[in-house]
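Have a look at the structure below, then the notes.
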Amino acid sequence: MMTPANEAALAEIVAGAQTALRIQGGGTRAIGAPSDATVLSTSALSGVTLYEPGALTIVAGAGTPIAEIEATLAAEGQRLAFEPMDHRGLLGTDGVPTIGGAVAANVSGPRRIQAGACRDSLLGVRFVDGAGRVLKNGGRVMKNVTGYDLVKLMGGSWGTLGVLSEVSLKVQAVSEAVGCVLLHGLDDQQAVKAMSAALGSPSDVSGAAHAPVGVDGTPVTMIRIEGLEASVAYRVEKLTALLADFGAEVVVERDAEKVAAGWSWVRDVALFQGGTGDVWRLSVKPTDGPGVVAAIKQSQPEAQVLYDWGGGLIWVQVSEGSDVRAAVGQGHATLIRAAEATRARVPVFHPEPAALANLSARLRKKFDPRGILNPGLMG
Amino acid sequence: MDMPTPNPEVLAKKARIVARLQEVLPADAVISDEAETRAYECDALTAYRCPPLAAVLPASTEEVVAVLKVCHEEDVPVVPRGAGTSLAGGSMPTADSIILGVARMTEVLETDYENRFIRVQTGRTNLSVSGAVEEDGFFYAPDPSSQLACAIAGNIAMNSGGAHCLKYGVTTNNLMGVTMVTMEGEVFEIGGAHLDAGGLDLLGVICGSEGQLGVVTEATLRILHKPEGARPVLMGFDSNEVAGQCVSDIIKSGILPVAIEFMDRPCIRATEAFAGAGYPDCEALLIVEVEGSDQEIEAQLERILAIARTHNPVELRESTSAEESARIWLGRKSAFGAMGQINDYMCLDGTIPVSQLPYVLRRIGELSKDYGLDVGNVFHAGDGNMHPLILFDANKPGDLERCEAFGADILRLCVEVGGCLTGEHGVGIEKRDLMVDQYAPEDLDIQMAVKDVFDPKWLLNPAKVFPLAASEPRRMAAE
Ligand SMILES: Cc1cc2nc3c(=O)[nH]c(=O)nc-3n(C[C@H](O)[C@H](O)[C@@H](O)COP(=O)(O)OP(=O)(O)OC[C@H]3O[C@@H](n4cnc5c(N)ncnc54)[C@H](O)[C@@H]3O)c2cc1C
Ligand SMILES: Cc1cc2nc3c(=O)[nH]c(=O)nc-3n(C[C@H](O)[C@H](O)[C@H](O)COP(=O)(O)OP(=O)(O)OC[C@H]3O[C@@H](n4cnc5c(N)ncnc54)[C@H](O)[C@@H]3O)c2cc1C
C-alpha cells in the first residue's frame with residue numbers, strides 16, 4: 001500500500017505508476033470486482049485547511065475522516081447538509097470513512113431530497129489525473145460558473161477520473177428543532193402516496209422514509225421536519241392534518257434524540273446490518289417504487305426493503321447471488337453488499353445504454369489515458 | 001473582442017448549406033436573408049455583433065438532429081440560442097455559423113406533482129415553467145431576473161441563478177434530466193425522474209457547458225410547492241464593513257433567508273432618483289427576505305432584526321403589508337434600469353468569499369477613481385455573487401475599452417481573494433481571455449478535453465469559454 005504524504009507525492013506516485021492503482025479512502029474492502037491492483041491510500045492527505053462558518057464553507061484534504069469534519073462543524077453549530085451514511089455497519093467493515101470517499105461515491109443520506117446530494121454541496125476539487133497532473137476545478141465560493149463544472153463530474157466518479165486531494169464543501173446550520181410524523185400500518189403504495197403528499201406540501205420536509213417492516217415488525221412511514229422551534233411545531237401540526245386522510249395511526253415524535261436515532265437507522269440501513277444476503281441500492285421514480293419492489297418479490301418472496309427519499313431510493317436485501325436489475329425500469333441499481341464471487345460476476349454499477357457507456361469510456365480515457373485508476377470499476 | 005476568422009470555405013458554400021437545411025425543415029424555419037439574420041447578430045452583450053450565415057428554428061428533437069447532421073457533414077459551426085439574453089456573449093454568432101434557436105420548442109411535455117417534476121421543451125421561458133404549475137401551488141425555483149424572457153435552454157447552458165438561490169440552489173441543483181443532441185446528431189437521454197446518475201455525472205457537466213457539448217432539447221426540472229408567504233426587511237448601515245458583518249452574522253446564526261441582497265451608496269442614490277422607493281440615504285443597504293407561514297416569518301424576522309440591531313443600523317424597516325414588501329423590493333428590482341438611465345453600463349458577476357466583501361468594495365472604489373468611471377454595486381450578498389455595474393458612455397471613444405479594462409481588474413481582484421470570474425452569467429466571449437487568471441493551462445486543457453469527447457470537430461459554439469489562443473490548436477485541427 002502506498003500512502004503519499006501530500007499532493008505532490010501523490011502526483012509523483014501516479015505519474016510513475018507502472019501498474020493499476022486501487023484508490024482507497026478509509027474503505028477496508030474493495031468495491032466492485034476483486035482486483036490485485038496496488039492500493040493507493042489518501043489517508044495522509046488529511047486535515048481541515050480552511051473553515052469559514054460565516055460563509056458556510058469548509059475546505060479539507062480528501063483523506064480527512066468524515067468524523068473529524070463533522071466534529072469541526074459541530075463546534076460551530078453546523079453540519080454537512082447531505083447527511084452522508086456510514087456504511088460500516090451495513091458492510092461489516094471497520095475503516096475510517098473519509099470525506100474524499102464520500103465525494104468520490106457521491107454518498108447522500110435522507111436529507112438529499114431537500115438539501116441535495118453530496119455533489120450539490122461540493123464547491124471545488126483538487127485532484128491528480130491518471131497522467132499524474134495536479135488539476136483543480138471550481139473553488140470555495142457558492143456560485144461559480146467559470147468554465148465547465150468538472151466538480152460535479154469528479155463527485156461520484158469513484159476514483160476513475162482522478163485521485164481527489166482536496167475538496168471544498170458548502171455546509172449548513174444544524175437546525176434548532178426537529179420533529180417526526182410517524183404513520184403506522186400503511187402498505188407500500190399508500191406510503192409513497194403519503195410521502196408524495198407531504199413532499200408536495202409547503203412544509204419543507206427534510207426526510208421521508210418507509211419501512212414495510214419497522215423496528216417493531218409492522219410498517220412505519222416517517223416524515224421529518226427541521227427548523228426553528230416555531231416552524232417545527234407549526235408544520236408538524238399541518239402535516240398531521242394533511243396525512244389524516246390516509247387512515248393510519250399518526251404519532252408525532254418531538255424528542256430530538258429519538259428522532260435522530262430513527263433517521264440514523266434509515267440513513268445507515270440498520271435493518272440489513274448483520275443480515276445475510278446481498279444488498280442493492282435502487283434509484284427510481286418514487287411512484288414506480290412499489291411496482292419495482294413487487295416485481296422483485298415475484299422471484300424473491302423473502303426480499304426485504306427500505307424506502308427513503310420519498311420512495312425514490314430503495315434498499316433491497318435479497319438472497320445471495322441474485323440480480324435485481326431486470327425489475328428496474330427507469331433508474332438504476334447499485335450492488336452494495338455481496339460476496340466476492342458475485343461482485344466478480346455482476347457489475348457493481350448499472351450497465352448504461354451503449355452510446356452513453358461509450359461516451360463515458362471516452363471521457364475516462366481523457367482523464368486516465370493509461371487506464372490505471374480503479375480500472376474496470378465503472379466499465 | 002477578437003473572434004476567429006470565418007472559414008472562407010463555409011462562407012463560399014452558403015447556398016448549398018441553406019438548401020440542405022431547407023430540405024430537412026419547414027420553409028419558414030430557415031432564415032438566410034441578410035436583413036432577417038440580423039435579428040440574431042448579438043445577445044444582451046450588445047457591444048459585439050455579427051450576423052450568422054443563417055438561422056434555423058427547429059420545432060422538435062428530430063428536427064434538431066436533422067439540422068446538426070447537415071452541419072456536421074458540412075463542417076459548419078453551430079451556435080445554440082435560447083432567448084438571447086446572455087450577458088456574456090454566449091449566443092453571439094460568427095459569420096460562418098448557423099444559429100440554432102429553440103424558440104419554437106416551448107411545449108410542456110409532462111407534469112407530475114406526485115414525483116415533483118415537470119418535463120419541458122427547452123425553448124420555454126423560465127417564468128412560464130412556473131406559470132404552468134402555479135395554479136396548483138407549485139413553482140420552479142431558479143429565478144434569474146431575466147426570467148420573463150430567458151429560456152430554460154440558456155439557463156441550463158449557463159447554470160443560471162436567481163435571487164432565491166441562497167435557499168433553493170441554482171439551475172444545476174434543480175435539473176433532473178435532459179435530452180441532448182450531440183453535434184454528430186446522436187440523441188442522449190441523461191437523468192430523468194429518478195435522482196442521481198447511475199454512472200458518471202454527465203448531467204452535472206452538461207449544465208453550465210455554454211452550448212459547447214450538445215444541444216439540449218428537453219429538460220426534466222424539479223418543482224416545489226410554493227411557501228405560504230414571504231416577507232422582506234430593509235436595513236441601512238453607515239458602512240459596507242458593518243453591512244458585510246451583519247450578513248455573516250445572520251448566516252452564522254443558523255437562519256437561512258431565501259435572499260440577502262446588498263446595495264451600496266452609488267446604487268442606492270441612482271435607484272432613489274429613478275424609482276423613488278424611499279430608501280434611506282446611507283452607505284449600504286440590505287434586503288433580507290424570509291419565507292413560511294406568518295408565525296414562521298415572525299419567528300425568523302425576530303432573530304434577524306435582533307442581529308441587525310447589534311450593528312447599529314441607521315434604518316430598519318419591516319414590512320406589514322404586500323404593498324410595503326413591494327416597495328422594499330422596488331428599488332432593488334429597478335437597480336439595473338436606474339443605472340442604465342444614468343449611462344451605458346457593464347454588469348459584472350464575479351463571486352467572492354463573503355468575508356472579503358468590505359475589502360473588495362473598498363478596492364473597487366479605489367479602482368473607480370483610477371479609471372475615472374463610476375460604479376454601483378448591487379448583488380446577492382448571501383453567496384458573495386457580486387454585480388458591480390460600471391457606467392460608461394458608448395458614444396465616447398475609448399470609454400468602452402476603459403470600462404472593459406476596469407471590469408477585468410475587478411474580476412482579477414475577485415479571483416485574487418479566493419473567488420471566481422463569474423457566478424451565474426457564464427464566460428461566453430466576455431470573460432474568455434480572463435480564464436488564464438483563474439485556471440492554469442492544464443486546468444483549461446482538461447476542460448477542453450471534455451469538449452473533445454462530446455464534439456470532436458469543435459463545431460459547437462467553438463469560440464467561447466476558452467481563450468482563443470488556448471483553443472486554437474483544437475479548432476484548427478478540426479478545420
Ligand atoms: C458497492 C459499494 C461498496 C462499498 N464498500 C465499502 C466498504 O467496503 N467500506 C466502506 O467503508 N465503504 C464502502 N462503501 C461506501 C462508500 O465507499 C464509503 O461510505 C465512502 O463514502 C466512505 O469513504 P471511504 O474513505 O471509506 O471510501 P472508500 O470506500 O475507500 O472509497 C470509496 C470509493 O471512492 C474512491 N475514493 C476514495 N477516496 C478517493 C479519493 N481521494 N479520490 C478519488 N477516489 C477516491 C475509492 O476508489 C472507491 O471507489 C461502498 C459503497 C458501494 C457503493
Ligand atoms: C436584464 C437581465 C437580467 C439577468 N439576470 C440574470 C440573473 O439574475 N441570473 C442569471 O443567472 N442570469 C441573468 N441574466 C443572464 C441571462 O438571462 C442568463 O444567462 C440566461 O440563462 C440566458 O438564457 P437565454 O435563453 O437568453 O440564452 P441565450 O442568451 O440564448 O444563450 C445563452 C447560452 O446558452 C447556450 N444555449 C442556448 N440554447 C441552448 C440549447 N438548446 N442547448 C445548449 N446550449 C444552448 C447558448 O449557446 C449560449 O452559450 C440576465 C440577463 C439580463 C439581460
Side-chain angles (χ1 to χ4, degrees), chain A residues 52-57 77 106 112 116-117 119-120 129 133 135-137 139-150 152-153 155-157 173-174 176 196 199-202 228 230-231 234 283-287 309 312 330-332 349-350 352 355-356 359-360 362-363 366-367 378-379, chain B residues 113-116 158-159 161 169-170 172-173 186 188 192-201 204-205 207-209 225-228 248 251-252 254 292-293 295-296 299-300 351-355 383-385 418-424 426-427 435 438-439 442-443 446-447 449-450 453 465:
Chain A
E52 281 188 9
L56 300 176
T57 40
N106 191 25
R112 197 258 173 267
R119 58 88 107 170
D120 293 295
D129 74 358
R133 297 189 295 181
L135 302 171
K136 64 171 181 301
N137 193 263
R140 65 173 173 106
V141 287
M142 298 237 195
K143 277 169 82 184
N144 188 342
V145 297
T146 320
Y148 295 168
D149 192 348
L150 303 187
K152 301 280 184 307
L153 190 62
S157 64
V174 176
E176 163 186 307
S196 286
L199 287 163
S201 78
L228 298 184
S231 291
Y234 166 79
S283 175
V284 298
K285 180 162 88 176
T287 52
W309 297 358
Q330 227 205 68
H332 52 89
F349 298 101
H350 207 94
E352 295 180 300
L356 207 54
L359 192 72
S360 298
R362 286 191 290 132
L363 262 178
K366 293 285 184 191
F367 283 75
M378 291 193 89
Chain B
Y113 294 121
E114 268 189 307
N115 295 299
R116 301 166 301 285
M158 292 311 199
N159 188 15
V170 294
T172 191
N173 311 114
E186 193 165 13
F188 286 91
H194 58 277
L195 294 176
D196 299 341
L200 293 176
D201 189 354
V205 76
C207 189
S209 63
H225 198 287
K226 280 191 278 193
E228 286 112 318
S248 171
I251 289 173
K252 248 194 294 194
S293 66
Q295 295 108 292
E296 291 177 294
Q300 295 175 77
T351 306
I352 56 167
V354 181
S355 56
D383 46 35
N385 189 189
C420 65
L421 298 173
T422 169
E424 58 181 15
V427 178
M435 286 289 273
Q438 183 165 341
Y439 285 118
E442 56 274 19
D443 298 328
I446 194 77
Q447 294 183 36
V450 170
V453 169
V465 184

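The shown structure was predicted, so the numbers you read here are calculated from the model rather than taken from an experiment.
The minimum heavy-atom distance between Q438(B) and N144(A), with the atom names listed, is NE2-ND2, 4.0 Å. The shortest non-hydrogen separation linking V141(A) to G418(B) is CG1-O, 3.9 Å. For the pair T172(B) and R119(A), the tightest heavy-atom approach, listed with the atom from each and the gap, is O-NH1, 3.3 Å. Contact record, G200(A) with H225(B): O-CD2, 3.0 Å, taken as the closest heavy-atom pair. In this structure, G147(A) and V427(B) approach most closely via the heavy-atom pair N-CG2, 3.6 Å. For the residue pair A193(B) and Q330(A), the shortest heavy atom distance occurs at N-OE1, 3.5 Å.
In this structure Y148(A) satisfies the ring-ring contact (aromatic ring centres under 6.0 Å, His included) test together with F466(B), sequence neighbours excluded. Under the rule for a side chain to side chain contact (heavy atoms under 4.5 Å, CB included), the partners of M142(A) that lie at least two apart in sequence or sit in another chain are L56(A), K170(A), D383(B).
Looking at N385(B), the atoms closer than 4.5 Å to chain A (heavy atoms on both sides) all sit in the side chain, from C-beta outward. Residue contact with chain A, scored on non-hydrogen atoms closer than 4.5 Å, involves the side chain of V465(B) exclusively. The contact between P227(B) and chain A is made entirely by backbone atoms, counting heavy-atom distances below 4.5 Å. Of the two parts of V170(B), only the side chain, counted from C-beta on, holds a non-hydrogen atom closer than 4.5 Å to a non-hydrogen atom of chain A. For F188(B), the part lying near chain A is the side chain, with the backbone staying farther off; criterion is any non-hydrogen pair under 4.5 Å. Both the backbone and the side chain of E442(B) have a heavy atom closer than 4.5 Å to some heavy atom of chain A. With a threshold of 4.5 angstrom between heavy atoms, R133(A) approaches chain B through side-chain atoms but not through N, CA, C or O. Heavy atoms of S201(A) lying under 4.5 Å from chain B belong exclusively to its backbone.
Checked by atom type, the side-chain pair T287(A)/N115(B) shows a donor-acceptor distance below 3.5 Å.
Here CG of D443(B) is found 12.0 Å from OG1 of T146(A). Values are rounded to the nearest 0.5 Å. Annotation: the span from E352(A) atom CD to L200(B) atom CG amounts to 7.0 Å, rounded to 0.5 Å. In this structure, CD in Q295(B) is found 12.5 Å from CG in L228(A), a value given to the nearest 0.5 Å.
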* Start with the C-alpha gap between N106(A) and D196(B), add the side-chain angles, then the distance that decides, and say whether side chain to side chain contact (heavy atoms under 4.5 Å, CB included) holds. => CA-CA 9 Å; N106(A) 191 25; D196(B) 299 341; 4.0 Å; yes
* **Evaluation steps, side chain to side chain contact (heavy atoms under 4.5 Å, CB included), between L359(A) and E186(B)** => CA-CA 11 Å; L359(A) 192 72; E186(B) 193 165 13; over 6 Å; no
* Where do K143(A) and C420(B) land on the side chain to side chain contact (heavy atoms under 4.5 Å, CB included) test, with the steps shown first? -> CA-CA 9 Å; K143(A) 277 169 82 184; C420(B) 65; over 6 Å; no
* To do: Any chance you could lay out the side chain to side chain contact (heavy atoms under 4.5 Å, CB included) test for N137(A) and Q447(B), step after step, and finish with the verdict?
  => CA-CA 9 Å; N137(A) 193 263; Q447(B) 294 183 36; 3.4 Å; yes
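Heavy-atom pairs under 4.5 Å with chain A peak, among G423(B), A449(B), G199(B), at G423(B). Each of E296(B), K252(B), M158(B), E424(B) has some count of heavy-atom pairs under 4.5 Å with chain A, and the biggest count is that of E296(B). Counting heavy-atom pairs closer than 4.5 Å to chain B, the top residue among S157(A), G155(A), A355(A), G77(A) is A355(A). Ranked by heavy-atom pairs under 4.5 Å with chain A, the list T422(B), V354(B), I251(B) is led by T422(B). Of the listed residues (G292(B), G384(B), P353(B)), the one with the most heavy-atom contacts under 4.5 Å to chain A is P353(B). Between chain A and the residues N159(B), I352(B), N173(B), the largest count of heavy-atom pairs under 4.5 Å involves N173(B). Contact count versus chain B (heavy atoms, under 4.5 Å) is highest, among S283(A), A173(A), A55(A), G312(A), for S283(A). When E228(B), K226(B), M435(B), Q300(B) are compared by the number of non-hydrogen pairs under 4.5 Å with chain A, E228(B) comes out ahead.
Taking the side chain as every heavy atom from C-beta outward, P286(A) and R116(B) approach each other to under 4.5 Å.
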